[in-house]
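Right, one structure below, let's go through it.
All heavy atoms count here, side chains included; hydrogens, waters and symmetry mates do not.
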Amino acid sequence: QVQLVESGGGLVQAGGSLRLSCAASGRTFSSYAMGWFRQAPGKERQFVAAISWSGTSTYYAASVKGRFTISRDNAKNTVYLQMNSLKPEDTAVYYCAATPRLGLATEVEEYDYWGQGTQVTVSS
């Protein structure tokens, strides 16, 4: 079982940066592929980025590719989302998720464990 807690959200100006963190419990973190999703009010939860259990493979939604970077530090049981060149349309609650698989996962249904979310607001 995995417990996930996100942090690092906040209010930033357009063009600014934020770094989100997701801390996981347990000693099996390195065996899980991880992902970041976001959800704006009245909209469906949307895929943002994913990383394999080894950290050697990553994948990004087209809307964030080139601006966001997902990474993980298995020794610290933590996954990160570095967000640069933020836009107002990036405003959402951001969630991290975990799945006990080797490869990348990009669908909500593929993930078993979810954090509580952290709010990111980008002002114009």
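For S17, the side-chain contact (heavy atoms from CB on, under 4.5 Å) partners two or more places apart in sequence, or in a different chain, are Q82, N84. Under the side-chain hydrogen bond (donor to acceptor under 3.5 Å, both in side chains) criterion, S52 pairs with S54, sequence neighbours left out. Q13 is linked by a side-chain hydrogen bond (donor to acceptor under 3.5 Å, both in side chains) to S123, counting only residues two or more places apart in sequence or in another chain.
Counting heavy atoms from C-beta on, the side chains of Q116 and E6 come closer than 4.5 Å. The shortest distance between side-chain heavy atoms of Y95 and R45 falls below 4.5 Å. For the pair T91/V120, no side-chain contact is recorded, criterion being any heavy-atom separation below 4.5 Å from C-beta on. Looking at L81 and T69, their side chains never come closer than 4.5 Å, going by heavy atoms from C-beta outward.
If you run side chain to side chain contact (heavy atoms under 4.5 Å, CB included) between V64 and each of K87, M83, R38, only R38 comes through.
Considering every non-hydrogen atom in both F68 and Y60, the closest pair reads O-CE2, 3.3 Å. Considering all non-hydrogen atoms of both residues, P100 and D112 come closest at CD-OD2, 2.8 Å. V2 approaches A98 most closely through the heavy-atom pair CG1-CB, 4.5 Å.
Distance check, rounded to the nearest 0.5 Å: OG of S7 to CG of L20 gives 8.0 Å. Here T78 contributes atom OG1 and M34 contributes atom CE; the two are 9.0 Å apart, rounded to the nearest 0.5 Å. Expressed to the nearest 0.5 Å, how far OG of S21 lies from CG of L4 amounts to 12.5 Å. Separating the CZ atom in F37 from the OH atom in Y94 is a distance of 13.0 Å, to the nearest 0.5 Å. Rounding to the nearest 0.5 angstrom, the gap separating the CG atom in D90 from the OG1 atom in T121 is 11.0 Å. Rounded to the nearest 0.5 Å, atoms OG (S124) and CD (E89) are 10.0 Å apart.
When the shell of 6.0 Å around OH of Y59 is examined, it contains 12 or fewer heavy atoms from other residues, nucleotides or ligands.
Hydrophobic clustering places L104 together with W114 (ILVMFWY residues linked when any side-chain heavy atoms are closer than 4.5 Å, directly or through intermediates). Following chains of ILVMFWY side-chain contacts shorter than 4.5 Å, one can reach V79 starting from Y113, so the two form part of one hydrophobic cluster. Cluster membership for V108 and V93, using ILVMFWY side-chain heavy atoms within less than 4.5 angstrom, is shared.
Side-chain atoms of Y111 come within 3.5 Å of backbone N or O of A105 as a donor-acceptor pair. Side chain of T99 to main chain of E110: a donor-acceptor pair is present (N/O by atom type, distance under 3.5 Å, no hydrogens or angles).
Seen from the ring of Y80, R19 counts as a face-on cation partner, given the 6.0 Å and 45° thresholds. Relative to the ring axis of W53, R72 does not place its NZ or CZ within 45° and under 6.0 Å from the centre.
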